[in-house]
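Report on one structure; see the data block that follows.
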Amino acid sequence: MTADTEQNIRVRIAPSPTGDPHVGTAYIGLINFLCARQRNGKFVLRIEDTDRTRFVSTSEQMIFEALRWLGLSWDEGPDVGGPYGPYRQSERTEIYREHADLLLASGSAYRCFCTPEELEAVRRQQMAARLPARYPGTCRRLSVSEVEANLSAARPFVIRMKVPGSGSTTFRDELRGAITFEHTNVDDQVLIKSDGFPTYHLANVVDDYLMRITDVIRAEEWISSTPKHVLLYQAFGWPVPRFWHMPLLRNVDKSKISKRKNPVSLVYYRQAGYLPEAMLNFLGLMGGGMPADINNATEKFTLEDMMQHFDIRNIRPAGPVFDLTKLRWLNGEYLRALSPQAFYGALRSTILSDHYLSRIAGLVQTRMETLGQFGDLTNFFFAENVLPPPEVFLPKKRSIEETLAFAAEQLATLEATEWTAEALEPALKQMGDAKGWSVKENFMLLRAILTGSTMSPPLLESMVIFGKARTLDRLRRFLDAQKKTAGHRK
RNA sequence: GGCGCCAUGGUGUAACUGGUUAACACGCCGCCCUCUCAAGGCGGAGAGUUCGGGUUCGAUCCCCGAUGGCGCUACCA
């Protein structure tokens, strides 16, 4: 932070519980954590669960666990409390409603009665006419009596912010300098959805103010909506915090990092046997931030080193590729640096834990005649990858194309299903039915992809023990590998 | 399409406020060590800094433009 703004800073991360904890959350979390610790500030964890359609109930707990695994501890949050709670946005709806009313009263916002269908139609027209897709402002021009009429007719509505028709908003990004947006390019954002929940834009501004956040350190994808946020701060008459937009982590092809192309779940990295030290170190490499002498000399540093030497102002704004190859090398370095006892300890606490082993044992006891067969029956649980040849995975009456298409369906189904045998079984069967695949074909294909063989312990139970993150990764790798060989065949 | 951000080898970074044979790490290749594979040691290829202008005695670095990449463009965050 700049020298003239010495103060007790307050920063936050605000993950959304919509699935597995994401490496991007860890990256932004790390930087926020470092800034807070370096300045004797506070690091707040806030759960942004305002989207009830994407809400995943197990997600919040997984986020906690992943951040603890990495050692990024927070001072205030839903689990530890704090003076500015609650820290879960779903528990703050009343606050947002009050603030939306304030905006309504001051004329900075208005009710919009347009239906999603109407909006969609307008959007399509605008796209067709190659115009920027924007809210046409229909309800902005509603008279008081028209609004009253709609209200008494109990028509559902959203609350939109009223962006000035002309002029522009300029804000300062601490890494990039001044950024200006013409108001003609800023849409009348929805602030309160028809279900009464706020959108990110309202909730984040209200909470950041109420929680006394001084520095908003978040991902670059938020730059385009920052003018909306600034306008909201102004409408409320609040001071604007400092904004630091961090570069977006990228896939190898430079697109924004995504599960399609890269494992992004922290659960995956943990279960696959990456050490938190290596992950932290690797994330610290992303975008720079460590001084050149240290960076140049070793590239290997600890969280402690980062607290000591990291400087957010050194972050380069270009999006770094999250390069698994280098992460793996780094992880190997950390593994080799362990004492033999510590190394064995790491194995025993993860990939060979009693918990994991005993659950696997429970699957194979009836299938063994000698204990020595254990390895043969369960090796897929311990292999980093298995790649079955077509002789193994291809059903007799199916073409390679339809099989791969079906495997992609399986992936989608698995992705969307709660990770228990009870939930997975009907979900898979139902999907297979719909696609005209027998249960046998269906399960056998999955078995082959997951275990590399047509013989294995019970499939669903195996998947549950192996874990969602790793199972999905294995499916994706399979699909990728097949896509590549298909490319070669052509 | 519109708006915004970004731009150093394949990848991650470095090069003090303009002056270096553009450095380090990963990866790749070769050699050594060695029963194998790793690890380790040694060496090598690979960018003249996206391109074009400008400012300057001198630009990776400053300015302008182009190009490319990415993001946003939701009653998702």
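Below, chains carry the letters A, B, ... as their sequence lines are ordered, and counting in each starts from 1. All figures in this text were calculated on a predicted structure; none of them were measured in a lab. Note: hydrogens, waters and symmetry copies are ignored here, and every other heavy atom, side chains too, is used.
When each of rA25(B), rC3(B), rG4(B) is scored by its nearest atom to the side-chain atoms of Lys326(A), the top-ranked nucleotide is rA25(B). The side chain of Pro317(A) sits closest to rC6(B) out of rA14(B), rC5(B), rC6(B).
Rounded to the nearest Å, the gap between the C1' atom of rC57(B) and that of rG1(B) is 47 Å. When the P atom is compared between rG46(B) and rA22(B), the two are found 14 Å apart, to the nearest whole Å. For the P atom pair drawn from rA45(B) and rC61(B), the interatomic distance equals 26 Å after rounding to whole Å. Taking atom P in both rC37(B) and rC28(B), one finds a spacing of 15 Å when rounded to whole Å. rG18(B) and rC24(B) are spaced 25 Å apart, taking the P atom of each and rounding to whole Å.
For the contact set between residues 135-144 of chain A and RNA chain B, defined by any heavy atom under 4.0 Å, there are no members. Contacts between residues 55-71 of chain A and RNA chain B, counted as heavy-atom distances below 4.0 Å, involve no residue at all.
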Under 4.0 Å protein heavy-atom contact, by nucleotide of nucleotides 36-49 of chain B - B base, S sugar-phosphate only: ---SS---------

Protein-to-nucleotide contact annotation, 5' to 3' order, nucleotides 66-77 of chain B [B base; S sugar-phosphate only; - none; under 4.0 Å, heavy atom]: ---SSBSSSBBB

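Both distances falling under 3.5 Å, in either a Watson-Crick or a G-U wobble arrangement, occur for no nucleotide opposite rC61(B).
Inter-residue side-chain proximity for Thr226(A) and Phe181(A) is flagged as unmet; no heavy-atom pair is nearer than 4.5 Å. Contact check for Leu330(A) versus Leu285(A): side-chain heavy atoms found under the 4.5 Å cut-off.
Scored by the side chain to side chain contact (heavy atoms under 4.5 Å, CB included) test, Asp75(A) finds Arg37(A), Lys42(A), Phe43(A) as partners (sequence neighbours excluded). Taking the side chain to side chain contact (heavy atoms under 4.5 Å, CB included) definition, one finds that Leu151(A) meets it with Arg111(A), Phe113(A), Val147(A), Phe157(A), sequence neighbours left out.
In this structure, Ile315(A) places its CD1 atom 15 Å from C1' of rA14(B), rounding to the nearest Å. Atom CG of Asn185(A) and atom C1' of rC3(B) are 5 Å apart (whole Å).
Residue Leu330(A) is classed as having no contact, given no heavy-atom separation below 4.0 Å to the nucleic acid.
Using bins of under 30°, 30° to 60° and over 60° for the plane-to-plane angle, the ring pair Tyr268(A)/Tyr274(A) lands in the tilted bin.
Going from atom CD of Glu220(A) over to atom CE of Met246(A) covers 10.0 Å, rounded to the nearest 0.5 Å.
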